[in-house]
Amino acid sequence: MELHILDHRLRVTSITKSGLAHFTHPLIKLIFLRRRTRCKFFSMTESPENYTLVLDEEGFKELESSEQLQTESSVWLPLNVLNNANDSVSSQALGVTKIAKSVIAPLARQHVSVFMLSTYQTDFILVREKDLSVVVSTLDEEFNIYREVGGESLLVRGCDVANGLHENGKEAVQPTLHPVLIPQNRFCVMSLDPDTLPSIATTLIDVLFYSGSPKEDEASGPRPDLDRIKFFSFSLIDGYVSLVMDTDAQRQFPADLLFTSSSGELWRMVRIGGQPLGFDECGIVAQISRPLADCDISAYYISTFSFDHALVPEEDIASVSDMLHKQRMDPTTG
């Protein structure tokens, strides 16, 4: 298999719910007027807490400094795994489960933090730029590693990297098993011809900027397995559009413009974290993705500024819930 280090330098930011109005103009420009910016990598995800933006340096320039904007200090690099044409890796498991054992688990063992962004088209594994030497030395036996520079793919050799593992100066520790929440929403993972974006502009603006969040009892907080949560993700990356939305939001869009897999599969969410997770802890993605991979269960995975979210097929949610419950009761089973 091939591992490509894509030619993007990314920033991960968060906009508060109350501060969204301050950024309406630059966000609309980034979403609908891509020819007027040099931004090639843009993703915006609404979760109950905030809006998470993942965007390249050109897109980041569009955002003005504000107390409503929080930016993680690191520069992140997106990795993408490509199977060789004759590769026999199972095609039954989709998304993060394809790369759980070959990429995510080895990086977790070397205490490399990852930020996941699954889209309709592919999965991006974001790693800090400063951890790149550790990433290459950890994965070079499993992959042919290429770095994309100016449209060319240049082979990166592990022998060019210093031998010491844990080069990032961190000691590997046993990751915390975070609580999980399984809301009732049913989700769709969809795509769209970018040329038809103007046709859904009104609906997309309404969903992203004006729809509001479901009412919650703030005094008691969310009730596990009972709540519906607001979650909507829009990505425009290298000209490809990806959308993740629940079925309520889907009904607001014209059905003839959005497309999904031929099976029209619906997905349920596993939301990871009782408190905001932070960016320095490693192994969070691995503790979810590895048992799913062992069971050959497909999963998309979207990290946000505060929490992580895995989407699994609706028919598998009961077994996934049982598996994660057992893992938290007896961590040795994970």
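In this chain, residues are counted from 1 in sequence order.
- Of the possible polar contacts, none joining the E281 side chain to the S113 backbone as a donor-acceptor pair under 3.5 Å is found.
- Of the possible donor and acceptor atoms, one in the side chain of N80 sits under 3.5 Å from a partner among the backbone N and O of D123.
- With sequence neighbours left out, the side chain to side chain donor-acceptor pair (under 3.5 Å) criterion links S242 to no other residue.
- Remark: S18 pairs with T16, Q68 by the side chain to side chain contact (heavy atoms under 4.5 Å, CB included) rule, at least two apart or across chains.
- Going from atom OG of S43 over to atom CG of L10 covers 10.0 Å, rounded to the nearest 0.5 Å.
- With rounding to the nearest 0.5 angstrom, the CD1 atom of I145 is 11.0 Å from the CE atom of M1.
- Separation of atoms CG (L3) and CD1 (I99) is listed at 9.0 Å; rounding is to 0.5 Å.
- We find the CG-OG1 distance between L55 and T13 to be 5.5 Å, quoted to the nearest 0.5 Å.
- Cluster membership for L20 and V207, using ILVMFWY side-chain heavy atoms within less than 4.5 angstrom, is shared.
- Looking at V12 and W76, their side chains come closer than 4.5 Å, going by heavy atoms from C-beta outward.
- A salt bridge between D56 and R11 is absent, with no side-chain N of the basic residue lying under 4.0 Å from a carboxylate O of the acidic one.
- The cluster map of Ile, Leu, Val, Met, Phe, Trp and Tyr, joined by side-chain heavy atoms under 4.5 Å apart, puts F307 and L177 in different clusters.
- Checked against side chain to side chain donor-acceptor pair (under 3.5 Å), S74 has the following partners two or more places apart in sequence or in another chain: E72, R128.
- Side chain of T304 to main chain of T52: no donor-acceptor pair is present (N/O by atom type, distance under 3.5 Å, no hydrogens or angles).
- Y51 places a side-chain N or O within 3.5 Å of a backbone atom of L208 that can act as its donor or acceptor partner.
- Look at K17 and E46 and you find a salt bridge, because one of the NZ, NE, NH1 or NH2 atoms lies within 4.0 Å of a carboxylate O, short of that distance.
- With sequence neighbours excluded, the residues that form a side chain to side chain contact (heavy atoms under 4.5 Å, CB included) with D308 are I272, L277, I284, V285, Y301, S303.
- Residue pairs meeting the ring pair (Phe, Tyr, Trp, His ring centres under 6.0 Å) criterion with at least one partner in residues 233-257, sequence neighbours excluded, are absent.
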Where do K40 and E58 land on the salt bridge (Lys or Arg N to Asp or Glu O under 4.0 Å) test, with the steps shown first? CA-CA 8 Å; K40 304 297 184 185; E58 292 297 328; over 6 Å; no
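- The ring pair (Phe, Tyr, Trp, His ring centres under 6.0 Å) check on Y146 picks up H4, with sequence neighbours excluded.
- Checked by atom type and distance alone, the side chain of T119 pairs as donor or acceptor with a backbone atom of T122 at under 3.5 Å.
- No side-chain donor-acceptor contact under 3.5 Å links N185 to the backbone of F187.
- A salt bridge links K326 with D322: the closest approach of a Lys/Arg side-chain nitrogen to an acidic carboxylate oxygen falls below 4.0 angstrom.
- The backbone N or O of I317 lies less than 3.5 Å from no partner atom in the side chain of S321, so there is not a single donor-acceptor pair.
- In the hydrophobic clustering of ILVMFWY residues, with side-chain heavy atoms under 4.5 Å counting as a link, L266 and I297 come out apart.
- The existence of a salt bridge linking R186 and E314 is confirmed by a sub-4.0 Å separation between a basic side-chain nitrogen and an acidic carboxylate oxygen.
- Between the side chain of D227 and the backbone N or O of I229 there is no donor-acceptor pair closer than 3.5 Å.
- Across F115, Y300, F41, a single residue satisfies ring-ring contact (aromatic ring centres under 6.0 Å, His included) together with F124, and that is F41.
- Here the NE2 atom belonging to H178 is positioned 13.0 Å from the CG atom belonging to L324, to the nearest 0.5 angstrom.
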Step-by-step salt bridge (Lys or Arg N to Asp or Glu O under 4.0 Å) determination, K230 to D246: CA-CA 8 Å; K230 182 63 186 295; D246 68 13; over 6 Å; no
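- Connection of L257 to I205 is established within a shared hydrophobic cluster, with ILVMFWY side chains joined at heavy-atom distances below 4.5 Å, either directly or through further cluster members.
- Panel note: side chain S14, backbone F305; no donor-acceptor pair is recorded below 3.5 Å.
- Hydrophobic clustering, with ILVMFWY side chains joined whenever heavy atoms are under 4.5 angstrom apart, groups L77 together with V103.
- Judged purely by atom type and a 3.5 angstrom limit, Q121 uses its side chain to pair as donor or acceptor with the backbone of V241.
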